[in-house]
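Along the sequence shown, residues are numbered consecutively beginning with 1.
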Amino acid sequence: MNASNPMQTAIRGRWAVAAVFLANGFLTGSWAPQIPVFLTRLDISKFTLGLLILLFGAGAVTAMTWCGHLISKHGSRTVLRWFGLCGSLGLLVVALAPNVPLAAIAMFIFGGSIGGMDVAMNANAVVVERRLGRAIMSSSHGFWSLGGFAGGALGGYAIQTYGHLAHAAVVTALAFAAIAAAVPHIVAENKPQATEHHKFALPANPLVYLIGLMALLTMISEGAVLDWAALYLRQELGADLAVAGLAYAAFSGVMAIMRFFGDGVRNRFGAVMTLRGSAIVAAAGMLIAGLSPSPWLAIAAFALCGFGIANMVPIIFSAGGNQEGMSSGTGMSVVTTMGYSGILVAPSAIGFVAEHSSFGPIFIAMSVLLIVVLLMAGLAHRAEFAPDVAPAE
């Protein structure tokens, strides 16, 4: 009985953290269809909208930077509980903002709550992996992708039929209910949190920053497909709007599916070998997309890229959360902050380069970045965790 209880707790914790990933993705995905209403409701320019979205990113990065310190003091379960419950209210706060100054504050808070929740849920997934003695990170990110897909797919219809406030209220209620149901089952770290972490300080171990660089290079490529693939197909490959929109759909759809298979692949072949294989596939996909003479070949290439990238970020995050001599939250804070900075910085940088060049060479350059990750893959060996408890007989 005693042997089975810890494993049962870990299994419940695995599904609890999956529910939080799903809720986080659902909240993030539900924001996307709110953007056009946000623009017209506040009567702002696209430039102002860009600044407000940048504030969302600034809030996320700020919270991510501090979240490792909070987790080292209070544990991932406590931090996830509060960021999760507060984060579920973020979209409603933005939808209620009546003017630009209040919208700016709301966007910063929304971004901060989602960003802090992101670090805490990834750190807690590492704790669950240690308890179970097997990988769950890829499928956890699969639940995030599933939530994002549901939020984005249902949001437009809901807003058009019931209005943006009703949509935000329902999203908030569903996310809050999912997180509240999950909270009692979220597992805590076995080891007591270190008492010496009184002050905020960046970790001294340089390896965690190299892992963060791998996350950055991978997520720059992900951001490039998200923001520019459709425009590439439309402007340079002559696709119509309907076909151009399939580029990211193919990329994200294959990515979501592969994340549910990723844990099994990683458990069988190991994190480093899985990361290397994934990087080769992703780089090949990005290279073919950049050289493609037709939109349909480019769409297939972006799908191939999604196949590869799907499990790169989860493995890199697991490695970041398993660094020796630091809590999972501290390592995860560095890696997630560096990684998501790529998605925030890359779109504007790529847009500037594209004004003086074309998108084809940019996607080819993305394949080179993925090859760099391939060459660094051995650094992710810390993702090969040792379990905290032995599985029940």
Side-chain angles (χ1 to χ4, degrees), residues 6-30 67 71 75-88 113-154 171-189 252-253 255-267 271 310-318 320-322 328-329 332 336 383 385 387-389 391:
M7 187 54 59
Q8 291 172 357
T9 299
I11 291 170
R12 286 195 296 269
R14 184 263 179 280
W15 292 112
V17 78
V20 178
F21 270 89
L22 184 74
N24 185 286
F26 185 59
L27 286 163
T28 305
S30 297
C67 208
I71 291 171
S76 61
R77 179 172 63 180
T78 299
V79 175
L80 180 54
R81 178 187 302 154
W82 290 110
F83 269 111
L85 293 173
C86 293
S88 64
S113 62
I114 291 293
M117 186 178 170
D118 197 292
V119 174
M121 70 190 188
N122 276 287
N124 193 258
V126 170
V127 176
V128 175
E129 286 187 327
R130 292 173 182 163
R131 293 284 188 90
L132 292 174
R134 60 182 173 86
I136 65 146
M137 188 67 83
S138 289
S139 56
S140 296
H141 281 253
F143 280 105
W144 187 93
S145 297
L146 187 63
F149 177 78
L154 300 175
V171 168
T172 298
L174 290 174
F176 188 90
I179 294 167
V183 158
H185 304 292
I186 293 171
V187 299
E189 288 81 353
S252 60
M255 176 184 286
I257 293 168
M258 284 309 302
R259 281 179 165 169
F260 286 108
F261 290 98
D263 292 328
V265 174
R266 177 179 152 194
N267 286 326
N311 294 304
M312 293 174 69
V313 170
I315 290 171
I316 292 168
F317 278 12
S318 282
N322 278 293
S328 61
M332 193 65 69
T336 53
F385 47 81
D388 280 348
V389 296

Side-chain (E129) to main-chain (I136) donor-acceptor, under 3.5 angstrom: yes
Flag, side chain of R134 to backbone of G264, donor-acceptor distance under 3.5 Å: no
Which atom pair, heavy atoms only, marks the closest approach of [X] to [Y]?
X	Y	value
A23	A175	CB-O, 4.3 Å
A10	L132	CB-CD2, 3.6 Å
S88	F176	OG-CD1, 3.3 Å
R266	S318	NH1-OG, 3.2 Å
V127	S76	CG2-OG, 4.1 Å
G87	L27	O-CD1, 3.7 Å

Test side-chain contact (heavy atoms from CB on, under 4.5 Å) applied to V20 and M117, step by step: CA-CA 9 Å; V20 178; M117 186 178 170; 3.7 Å; yes
Residue that, paired with C67, satisfies side chain to side chain contact (heavy atoms under 4.5 Å, CB included) out of N122, V119, L80: V119
side-chain contact (heavy atoms from CB on, under 4.5 Å) evaluation trace for I114 with N24: CA-CA 7 Å; I114 291 293; N24 185 286; 3.9 Å; yes
Output the distance between atom [atom1] ([X]) and atom [atom2] ([Y]), rounded to the nearest 0.5 Å.
X	Y	atom1	atom2	value
H185	Q8	NE2	CD	12.5 Å
L146	R259	CG	CZ	12.0 Å
W144	T28	CH2	OG1	5.5 Å
F21	N124	CZ	CG	8.5 Å
L154	L174	CG	CG	10.0 Å

Partner residues of S30 under the side chain to side chain contact (heavy atoms under 4.5 Å, CB included) criterion, sequence neighbours left out: F26, L91, H167, V171
Residues in side chain to side chain contact (heavy atoms under 4.5 Å, CB included) contact with W15, at least two apart in sequence or another chain: I11, A18, F143
All side-chain hydrogen bond (donor to acceptor under 3.5 Å, both in side chains) counterparts of N311, not counting sequence neighbours: S138
Pair S139-R14, side-chain contact (heavy atoms from CB on, under 4.5 Å): steps then yes or no: CA-CA 10 Å; S139 56; R14 184 263 179 280; 2.5 Å; yes
Exceeds 12 heavy-atom contacts within 6.0 angstrom, atom CZ of F260: yes
Pair I315-M137, side-chain contact (heavy atoms from CB on, under 4.5 Å): steps then yes or no: CA-CA 7 Å; I315 290 171; M137 188 67 83; over 6 Å; no
